[in-house]
There are 2 protein chains.
Amino acid sequence: MDRHTSQRIAIEASLRTAQRPLSPAEILDASKPDAPTINLATVYRTLKRLAESGLIRPVDLPGEPSRYELAGLPHHHHFKCDSCDRVFDVPGKCPSGLTDGLPSGFRVRDHEVVLVGTCADCGHAPTRPGRSRRPRASPSHNRGT
Amino acid sequence: MDRHTSQRIAIEASLRTAQRPLSPAEILDASKPDAPTINLATVYRTLKRLAESGLIRPVDLPGEPSRYELAGLPHHHHFKCDSCDRVFDVPGKCPSGLTDGLPSGFRVRDHEVVLVGTCADCGHAPTRPGRSRRPRASPSHNRGT
DNA sequence: CTCCAGATGCGAATGCACTATCATCTGCAT
DNA sequence: ATGCAGATGATAGTGCATTCGCATCTGGAG
């Protein structure tokens, strides 16, 4: 149960190349050149298996469906561009003082830091062509949970 | 278009009393004592209007549907309890160094910090009765530091 | 007290991310 | 080169949060 199909190879290559967390739809697009017949269902199936095997890891941002990145990267945070909806890695180290002010009895197991703004590309040009803004119109589900 | 119905009063009271972000379902429960016939659709409708009027504000956490809290609170972060799924305010001030390591050209408009762990209540007792764990089975959210 | 614009309750409907089904295809062990 | 377990593609189906449609109800101006 681990064949090297062109689809799986393309998916892994997309994630390795992107250097940033990709959504299933982005992975689908990025994989099409190498695996033209690839299907969204296959992307989901493959991501699930890669995640279970520990090769990749889900990246969840508020109000967004899961993206995926290679596991084993050094600890980092994420930057979400308002304009093109892409998510980038922020290599900065963990800020201290995160848990200041926490009432006693609360135990922190993990933390998430997300920066939001405009990326370098979008800061220059008003809109960034070639990258589809995903249609997340509704202000509500921002789930994320 | 702004009547003081028992439902709206109950919803506002719930949010004012809770001192923490509430999900629509939590608001429904919290409002029932004051407005026994209240309905989820009404909760959503009312939240939408309160948010538009600027009285409340959505709080979005990774992998979670929107919660709501009073707008105009001083800046704070949030703590999500793994065990009871409640979200608490963390009054701590903003850690510095958040934007260290950001590539040039990136402009930060906002940031989100979420702490995850177990709250004081859940740290004492294994499970907290009276608070339903919402059934979010999805394996997506588990990120490593 | 009356009346009606606006609010509510209820159930059905929508939108979206994701999964199941199943017939067909294909790595790869033999 | 062959056969088949496992993978894929196409599409229908799920589950969940949120919204719609509409008949009924009600706050509050008059």
Side-chain angles (χ1 to χ4, degrees), chain A residues 1-12 14 21-29 31-32 34-53 56 58-68 85 87 132-145, chain B residues 1-12 14 21-29 31-32 34-53 56 58-68 85 87 132-141:
Chain A
M1 58 168 72
D2 209 287
R3 291 183 184 171
H4 288 133
T5 66
S6 63
Q7 292 84 344
R8 174 171 313 206
I9 291 170
I11 289 173
E12 291 187 30
S14 302
L22 297 180
S23 68
E26 286 176 319
I27 291 169
L28 180 68
D29 289 346
S31 301
K32 275 197 173 139
D34 291 330
T37 69
I38 195 169
N39 185 278
L40 234 204
T42 299
V43 172
Y44 277 109
R45 275 188 293 238
T46 304
L47 288 176
K48 183 182 226 177
R49 265 173 297 177
L50 292 178
E52 281 165 359
S53 78
I56 67 173
V59 173
D60 295 318
L61 304 192
E64 305 278 329
S66 291
R67 289 171 173 77
Y68 293 85
D85 279 338
V87 172
S132 57
R133 307 195 40 155
R134 278 194 295 121
R136 293 220 117 241
S138 126
S140 32
H141 13 142
N142 308 323
R143 84 220 54 74
T145 335
Chain B
M1 59 169 72
D2 209 285
R3 292 186 184 166
H4 288 132
T5 67
S6 62
Q7 293 85 342
R8 174 171 313 206
I9 292 170
I11 289 173
E12 291 187 31
S14 300
L22 297 180
S23 69
E26 285 176 320
I27 292 170
L28 180 69
D29 289 347
S31 301
K32 275 196 173 141
D34 292 330
T37 69
I38 196 171
N39 184 277
L40 232 206
T42 299
V43 172
Y44 277 107
R45 277 188 293 237
T46 304
L47 288 176
K48 184 183 228 177
R49 266 173 294 177
L50 292 178
E52 281 165 359
S53 78
I56 66 174
V59 173
D60 296 317
L61 304 192
E64 305 275 330
S66 291
R67 289 172 173 77
Y68 292 86
D85 278 338
V87 173
S132 57
R133 308 195 41 151
R134 279 191 298 120
R136 293 222 116 241
S138 134
S140 340
H141 33 138

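Model, not experiment: these values are computed from the prediction. Naming: A, B, ... by sequence-line order, numbering from 1 per chain.
Within the 4.5 Å cutoff, side-chain heavy atoms of B:K32 are placed close to those of B:I38.
If you take CZ of B:R67 and P of D:dT18, they are 11 Å apart, rounded to a whole angstrom. Computed from coordinates, the B:I9 CD1 to D:dG27 C1' distance equals 10 Å when rounded to whole Å. For the pair A:D2 CG and C:dA29 C1', the computed distance is 15 Å after rounding to whole Å. Rounded to an integer number of Å, the gap from B:K32 NZ to C:dT8 P is 16 Å. At whole-Å resolution of the value, CD1 in A:I27 and P in D:dT8 are 14 Å apart. Between the CD atom of B:E12 and the P atom of C:dA7 there is a distance of 13 Å, rounded to whole Å. Atom-to-atom, CG of A:L47 to P of C:dC18 comes out at 9 Å; the value is rounded to the nearest Å. If you measure from atom CD of B:E26 to atom C1' of D:dA17, you get 15 Å, rounded to the nearest angstrom.
Comparing D:dA7, D:dT18, C:dT8 against the side chain of A:T5 picks out D:dA7 as the nearest. Picking from C:dT8, C:dG9, D:dT18 the nucleotide with the shortest atom distance to the side chain of B:I38 gives C:dG9. Out of C:dT21, D:dC22, C:dT19, the shortest distance to the side chain of A:Y44 is found at C:dT19. Closest contact between the side chain of A:R8 and the listed nucleotides C:dT8, D:dT8, C:dC18 involves D:dT8. Checked against D:dA17, C:dC18, C:dT8, the side chain of B:R49 finds its nearest nucleotide in C:dT8.
Taking side-chain N and O atoms only, B:Q7 has a distance below 4.0 Å to OP1 or OP2 of C:dG9. The phosphate of C:dC10 has OP1 or OP2 within less than 4.0 Å of a side-chain N or O from B:N39.
Nearest-nucleotide positions on DNA chain D for B:S6 and B:A41 put B:A41 closer to the 5' end. The residue among B:H4 and B:R45 whose nearest nucleotide of DNA chain D is located toward the 5' end is B:R45.
Side chain A:R3 to base D:dA5: a donor-acceptor pair is found below 3.5 Å.
Side-chain atoms of B:E52 never come within 3.5 Å of backbone atoms of B:R49 as a donor-acceptor pair (strictly under, hydrogens ignored). Of the possible donor and acceptor atoms, one in the side chain of A:S31 sits under 3.5 Å from a partner among the backbone N and O of A:I27.
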Using the side-chain hydrogen bond (donor to acceptor under 3.5 Å, both in side chains) rule, take B:T5 and B:R8 through it: C-alpha gap first, then chi angles, then the decisive distance, then the call. CA-CA 5 Å; B:T5 67; B:R8 174 171 313 206; 5.0 Å; no
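Within 4.0 Å of A:L40, counting heavy atoms only, lies no atom of the nucleic acid at all.
The residues A:R67 and A:D60 are annotated as not salt-bridged, no charged nitrogen and carboxylate oxygen being separated by less than 4.0 angstrom.
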